[in-house]
Amino acid sequence: MTEEKRTELAKGYEHRDVEARWGPFWRERGFFHADEKDRSRPPFSIVLPPPNVTGSLHLGHALTATLQDVLIRWKKMSGFNTLWLPGTDHAGIATQMIVEKELKKTEQKSRHDLGREEFLRRVWAWKEKYGSRIGEQHKALGAGLDWERERFTMDEGLSRAVREVFVRLHEEGLVYREKKLINWCPDCHTALSDLEVEQKDAEQGELWSFAYPLVDGSTEVVVATTRPETMLGDTAVAVHPDDERYRAVVGKKVRHPLTGRELPIVADAILVDPKFGTGAVKVTPAHDFNDFETGKRHGLAQLTVIGPDGKMTAEAGPVAGLDRFEARKRVKELVAEQGLDRGTKPHLLAIGRCQRSQTILEPLLSDQWYVRIEPLARPAIEAVEQGKTRFIPEQWTNTYMAWMRNIHDWCISRQLWWGHQIPAWYCPDGHVTVARETPSACGLCGKGPLRQDEDVLDTWFSSALWPFSTMGWPDRTETLGTFYPTSVMETGHDIIFFWVARMMMMGLHFMGEVPFRTVYLHPMVRDEKGQKMSKTKGNVIDPLVITEQYGADALRFTLAALTAQGRDLKLAKERIEGYRAFANKLWNATRFALMNLEGFEASPGAGAEGRTAADRWILARTQRAVNETVAALEAFKFNEAAGTVYHYVWHELCDWYIELAKEALYGEDAGRKRAAQGTLVHALAAALRLLHPFMPFITEELWHVLRAKVKGDAWPDSILAAPYPAVGPVDEAAERAFQPLLETIDAIRNVRGEMNIPPRAPLSIDIATEDPVIRGAFDADGGVIARLASVSHTELYAAQSTRPAPTSAVAVCSGFEVRVHFGHAVDVAAELARIAKEFEKLEQDLASIEKKLANPNFVAKAPPEVVEKDRLRAQELREKRGKLGVHRDMLSGAERPPRAAGADRRDVMETNNPNDPSKPTPAQPASQTTMEQAQQVISTVAEVGKAAVSAVVAGAERAFEKIEKAMPARKPAKKAKAKAQARKPARKPARKATKAARKAAPRKAARRSVKQGKKPARKVARKPARKGGQRR
RNA sequence: GGGCGGAUAGCUCAGGGGUAGAGCGUCGCCCUUACAAGGCGAGGGUCCCAGGUUCGAAGCCUGGUCCGCCCACCA
């Protein structure tokens, strides 16, 4: 590849060029070819849920592809022998309807005009024409599927598996044919399974009552129905056996007003609820599921009055030939004409509709094939109970169980042409022969010719076999031996019954083993408004439209980042844009590295001796990111994995480390340079590998470019062949050691922002700490502060600094204090306001924590480590408060601490900053506040408390005026002053000030710094104020 | 009629008995030689309501309210 020679990158990331490059590269080199003979590596297999062959992928498919590809690439890089098996589903009804529609449109013909054979030819042609689009889409998404193993549910091999399963189940008595009531779609002209019936919200309908006169003329029985047309099929009237009102008429007969037939009055405790309506029910065994059962209990006739086309049959007498809804009106008229109408009431009812056509379904009596499901369901329940298959998120286990425990026999025959024709043949005598291959004569009587059952099997029948039929079953293939059971079934929770449950049953029955160890059910993808994407709503998005615009990597990353467990996923384009920017960020980080790798040595450990604290810090952070990412992936927490890498790359590697490393990279010190280069390459390479499963294209591209530059042994010619970063111990000491420096930079930046000091205006700072460890950190690596915070001059003190307050701001950090000198008078009011906010925050935190510690129950009952932590925390807060108080008092002029004898200045770090206009006044040998003095101030401050703040501020304003007068040449910047003015009112409402105080500098500083171990240092006490009750 | 999920910053959503988070958006300052698809900073919360358990509840329990979703043959 020519790009391997490139060692420079374009300024911005252009996904189009890059993405076109790597798909073919991976495929040509067979990276995704699974090797069933390789037993040296542990297997990891996923079968792709087969999309509808004539369909086009939507974002739900993109999510499926993304998550599975993440798993596959991650596992592959982690040393697994991976198989990801693609394929498509023939999707019986859906496909047939598409082709029929097209046929109607272009040729004005129905499938019957063409005949079965010709129609099927057309469907196959359609499949060939459009079936490839799915593959193209998957490839565009970067899906690492093993295309050599692509399957189609109507392939010869899979069809053989279907026949085998059907025949075997039939032999075992688990497939049977029976005349029963089924859900029939008059539009699609086929039977449906229970699952294909959709119950929408209750629809407004009517409950119509009419009277059946008794044959003996003694009285009448009033019944009610929501479906008047079915009364023509009534073959009885039922009442409750205990119902006194009807005791006398049970056993008698009523006369049908429209046909004259006589109908028995039966007593049935199951069907009839005496409290509903009149307590009498018309019974229509051939058109209602309850009535069907009732009819069987009482041996009632089954009278079919509605035909498969939805029109009334000849049996319907006066309304024969009418459409069922026409008949509904007509029946009411006819009954009314006889004076038997007893009124109509509005009534809410649930209506079953066809999942495909939305047509109102008709319960119809017909011969269909069924799978006896209970014997198959039992092992499938047990397998989950025993943990052989695990659902993630766990809550789906209940859903699965509830359905499985209440499962009905599965109607598997469909009156369609497109699909697996049922391998059953009928002889002239009507005997059924079920066989794997076309039989020549009746298995029972030996007669011929035989006629094959015209129906086909439910699409989901073949889908149920997918995990093993695709691997060559019924043959005992090596592929099955290596890759079955599959490792993970990843699919949407909407098909848990249609597909997951049925795969479980079939897998267990025919393979004797669950089809997958883990079922990960992902959320549904919705549009920005939270609506389900559907063709009818017109909000379906083709993933390719997005990949074209933003790049496949951005789309993939977005989908992964939004896939939290247990909730639907709303896709907003802002989010995708954000992750496209992330790709660009990664691109530029690599670009930066390439520009700064002259003299890089690839040998392992090179430059280790020159490493700075910053180097050790990012190495530790890298390891932490690796650990967290891997842990998240193992738990299927895609959003956490994505979020971890994102944060690491952007906010640690880019925002911090690259900036930190510039000094060494640009500098002359060869040792340090080498160390920084090595560290940068290590961190970047880790980032690329961590990210690869999520963003395969850009990471592969950058891998190659980087590889060409560094020429190391550890750089295989594809990132896919590189190992996924390994989990390992984190150098927590390195993290801790560097923390004060990060915190200092944050603090200075915060002061700048708050005080409106331009980012590059050089500043002089003092750092004061009594902690030798922290002091050591500043000694060794304090230089980074100069660069990242534009500091020109730093002095270190062993204790609190007392340089003249009016020209400085202070930030109290954990274990040290930073004084920022401006070289001119500070905006005292602004600084005091800033301190006031912070002070109040400290007060609040301290109050809440002290209250806790004062509670004997807390001390006695809470875990000792929690108590100890709070004690330390309280101590720290008190310290900070004290220091801040001193500063505030100095600034406000309210109290000026006496100078202590003897300078404690320990060190001065000069930073060469060419722009430095005004070297700060050479530091006076700074005086020191002794601990005693500090304590005194602390206690004073504590007493003065919050109420004093405004007074102090007022004092400060006076002081400010004085200063301004005294130093006319050093007026604060106009803007700063204006800002100070603007801020004044904000101080007044206590509520607002409190709120603001919560956002005080230390917290912010901590937030900017990065997570530290389990308990992030950034989390400075921040109990909501309302607890303290101070806000009122 | 059952069952399941959700309600947290302006928006979209993570989190989850011990110091309330992210992305986007908003505001301010920066064209700092990797990146303006950028950098730095700031503002922004009654974690739906009411009880309860607990030393401690946004989280756990109970009961509500309002949104989703799934299942179910009530004429």
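Every chain is numbered from 1 and lettered A, B, ... according to where its sequence line falls, protein lines coming before strand lines.
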Quiz item: Quick one: the side chain of A:Lys11 and the base of B:C35, do they pair up donor-acceptor inside 3.5 Å?
Solution: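 No.
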Exercise. Quick one: the dot-bracket string of RNA chain B, using Watson-Crick and G-U wobble pairs with both distances under 3.5 Å, [ ] for crossing pairs and | for bases paired to another strand.
Key: (((((((..((((....[..)))).(((((.......))))).....(((((..]....))))))))))))....
Under 4.0 Å between a side-chain N/O of [X] and OP1 or OP2 of [N], yes or no?
X	N	value
A:His408	B:C71	no
A:Asn750	B:C40	no
A:Lys585	B:G39	yes
A:Lys570	B:C13	yes
A:Trp396	B:G3	no
A:Tyr400	B:G3	no
A:Lys662	B:A34	yes
A:His347	B:A75	yes

Quiz item: Does A:Gln677 use its side chain to pair, donor to acceptor, with the backbone of A:Glu598 at less than 3.5 Å?
Solution: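 Yes: the side chain of A:Gln677 pairs with the backbone of A:Glu598.
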Whole-Å gap separating [atom2] ([N]) and [atom1] ([X]):
X	N	atom1	atom2	value
A:Lys637	B:C13	NZ	C1'	16 Å
A:Arg405	B:G3	CZ	P	15 Å
A:Phe497	B:C4	CZ	P	13 Å
A:Ile658	B:G38	CD1	P	15 Å
A:Leu763	B:C29	CG	C1'	14 Å
A:Glu868	B:G56	CD	P	21 Å
A:Leu597	B:A34	CG	C1'	12 Å
A:Arg580	B:C35	CZ	C1'	14 Å

Self-check item: Considering all heavy atoms, the nearest A:Leu684-A:Thr590 contact
Solution: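 In this case the closest contact between A:Leu684 and A:Thr590 is CD2-CA, 3.7 Å.
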Quiz prompt | Minimal non-hydrogen separation, A:Arg328 against A:Arg227, with atom names | solution =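 A:Arg328 and A:Arg227 have their closest heavy atoms at NH2-NE, 3.8 Å.
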Quiz item: Checking side-chain contact (heavy atoms from CB on, under 4.5 Å) against A:Arg873, which of A:Leu853, A:Asp845, A:Leu846 comes through?
Solution: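 Going through A:Leu853, A:Asp845, A:Leu846 one by one, the side-chain contact (heavy atoms from CB on, under 4.5 Å) with A:Arg873 is satisfied by A:Asp845 alone.
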Under 4.0 Å, counting only non-hydrogen atoms across every strand here, what does [X] touch: a base, just sugar-phosphate, or nothing?
X	value
A:Thr399	nothing
A:Leu271	base
A:Glu659	base

For nucleotides [N] and [M], find the distance between their [atom1] atoms and express it as a whole number of Å.
N	M	atom1	answer
B:U8	B:G68	P	15 Å
B:G23	B:G43	P	16 Å
B:U32	B:G41	C1'	15 Å
B:A14	B:C48	P	14 Å

Self-check item: Under 3.5 Å side-chain donor-acceptor pair for A:Arg297 and A:Thr294
Solution: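 Distance-only check passes for A:Arg297 and A:Thr294.
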Exercise. Assign the ring pair A:Tyr212 / A:Phe210 to parallel, tilted or perpendicular, where the plane angle (0 to 90°) is split at 30° and 60°.
Key: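 Perpendicular, since the angle between the ring planes exceeds 60°.
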Practice problem: Cation-pi check, A:Arg353 to A:Trp184: give yes when NZ or CZ is under 6.0 Å from the six-membered ring centre and within 45° of the ring axis, no otherwise. | Solution: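 Relative to the ring axis of A:Trp184, which defines the angle, A:Arg353 lies outside at least one limit.
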Practice problem: Enumerate the residue pairs fulfilling salt bridge (Lys or Arg N to Asp or Glu O under 4.0 Å) with a member in residues 269-292 of chain A, sequence neighbours excluded, ordered by first and then second residue. | Solution: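 For residues 269-292 of chain A: A:Asp234-A:Lys282.
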Quiz item: Near A:Glu865 CD, under 6.0 Å, is it more than 12 heavy atoms from other residues, nucleotides or ligands?
Solution: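 Check passes, neighbour count above 12.
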